[in-house]
Number of protein chains: 2
Amino acid sequence: MTNTCDVCTYRSYLFDNLNKTEFGLLTLSRKEMFFRKGEIICREGEKINNFYYLKEGLLKVYKTVDARKEQIISISNPLDFIGLLSVFSNFNYIFSVSALENSSICIIELDALKKLIQSNGEFAMTLLEKMSKMNDQILETRLLINLKNLRGRTAYIILMFAKDIYKSKKFDLPVSRKEIAELIDMRTENVIRILSELRNDGIIKIEGKSIEIIDQKRLESISEFG
Amino acid sequence: MTNTCDVCTYRSYLFDNLNKTEFGLLTLSRKEMFFRKGEIICREGEKINNFYYLKEGLLKVYKTVDARKEQIISISNPLDFIGLLSVFSNFNYIFSVSALENSSICIIELDALKKLIQSNGEFAMTLLEKMSKMNDQILETRLLINLKNLRGRTAYIILMFAKDIYKSKKFDLPVSRKEIAELIDMRTENVIRILSELRNDGIIKIEGKSIEIIDQKRLESISEFG
DNA sequence: AAACAATATTGATATATATCATATGAAACC
DNA sequence: GGTTTCATATGATATATATCAATATTGTTT
């Protein structure tokens, strides 16, 4: 909602190293946009002109495998940069991004940002650190998920939603069963089956999209050991 | 072998944007080290003090899953930075690196490099671009491999060695069957079995570590469609 | 409200992959 | 030189996961 960057909490997170002039320059090229749940922010293959970061909401980053199947690479939380580092190394997006919940996104012209990187080394260093941390996390998570069996993956993803995203044992899933499958490399039927198992074992409660973790210890043990 | 950076071909690849003073600063903190096949360059968990890049040879980047199993994340070619971006976002390595072939590695003190990033924005930008390209590629490759069935993965990795690493249809595998398995998420027995199948189908020749691609078209088709 | 499409669910079955067992040759060790 | 260890190899079997099928449930469009 707020359109002045000065008061935006995100300033301190990323733009602390900029002086007044630089910050003004950035603000000039900056826009804030609102995306409704389901809307697409950018598409694989499109030219990259902007640098996005997520102010509020929830996004998914994904690739299209074929007409019926997508591969979800990661889920973006508020404060996340969107689009991995590829914005700096590719001319075109190598993935798509869409909104899982209504989201506010800050948009900065990539050229303006690149100029700042070149003129302000402190800022460059901060950006490099933050972006590299995010990239590492995505890769590590993908490697971790692939080591687990289906039960472990399902438990892992429930815990991710509870701990990392909603910070609560009870929450509404922002995704369909199919999307969970696409995120943790499973088939929809197996996601559903295993969710039902976990319910029958008294580890979680499910009712439609609503999930509540009953026995977190057991769920974590399943996430770790399958 | 050469110890003066001026003549090193790698200068133009990465350090073009530095002036004489800056370049001198970097050279001061720079060392070149030789690692024999099998030797470990750095270990998961160790403190990060240096920025490495591979001048000559071949490395593997991996994580230790348990006493008997490793997970190979990527293979580093000459010109590659070693260690993903985590060198900028972590204090300790989140993976290990060892030499698959005798290798020459340039070692720069991380602090010296960070200073340069902060003082020279052009250099920061170049580094950001190159490192992010590498990181993206690693992630993309991992996603791609996981979409394939075992036959597809095996074909893919043979083609990777032939096209990306040795640039020849005939080459000696720098890794054991077990390591191939750890690289493409399979079991050793299945790697061996499928290699034998491909041999029996007249698609490749194998003799110990030596591999020759006979029918590249079919191999590529298997890599793509399984 | 009816018709339709998408999602969720469960069961039965097929298939891919892992596991176990065994053998051989080569390298490492004492 | 003999013993041990590791890499390669192949077959038989077990297990995990995908696929197919059928039905309910929810959401969407008209």
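Labels below follow one simple rule: chain letters A, B, ... track the order of the sequence lines, proteins then strands, and each chain is numbered from 1.
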Under 3.5 Å, is there a donor on one side chain and an acceptor on the other for B:Asn146 and B:Lys148? no

Distance only, no hydrogens: is a donor on one side chain within 3.5 Å (strictly under) of an acceptor on the other, for B:Asn49 and B:Lys47? yes

Could you tell me whether A:Thr188 contacts a base, only the sugar-phosphate backbone, or nothing, with contacts defined as non-hydrogen atoms closer than 4.0 Å? nothing

Counting the atoms with a prime plus P, OP1 and OP2 as sugar-phosphate, which does A:Ile192 contact under 4.0 Å by heavy atoms, base, sugar-phosphate, or nothing? base

Are any of the side-chain heavy atoms of [X] and [Y] separated by less than 4.5 Å?
X	Y	value
A:Lys63	A:Ile72	no
B:Leu159	B:Glu220	yes
B:Ser103	B:Leu54	yes

Quick check against the 3.5 Å criterion: does B:Thr64 have a side-chain atom that pairs as donor or acceptor with the backbone of B:Asp66? no

Whole Å only: how far is the [atom1] atom of [X] from the [atom2] atom of [N]?
X	N	atom1	atom2	answer
B:Glu179	D:dA7	CD	C1'	11 Å
A:Arg187	D:dA21	CZ	C1'	16 Å
B:Leu195	D:dA7	CG	P	16 Å

Could you work out how much the helix from C:dA1-D:dT30 to C:dC30-D:dG1 bends, comparing the axis of its first five pairs with that of its last five, to 10°? 50°

Toward the 5' end of DNA chain D, by each residue's nearest nucleotide, A:Asn149 or B:Arg177: B:Arg177

Within a reach of under 6.0 Å around NZ of A:Lys209, are more than 12 heavy atoms found that belong to other residues, nucleotides or ligands? yes

Chain A footprint on DNA chain C, 5' to 3' - any atom under 4.0 Å from a heavy atom: C:dA8 to C:dA12

Nearest heavy-atom contact between B:Tyr166 and B:Leu58 is OH-CD2, 3.7 Å

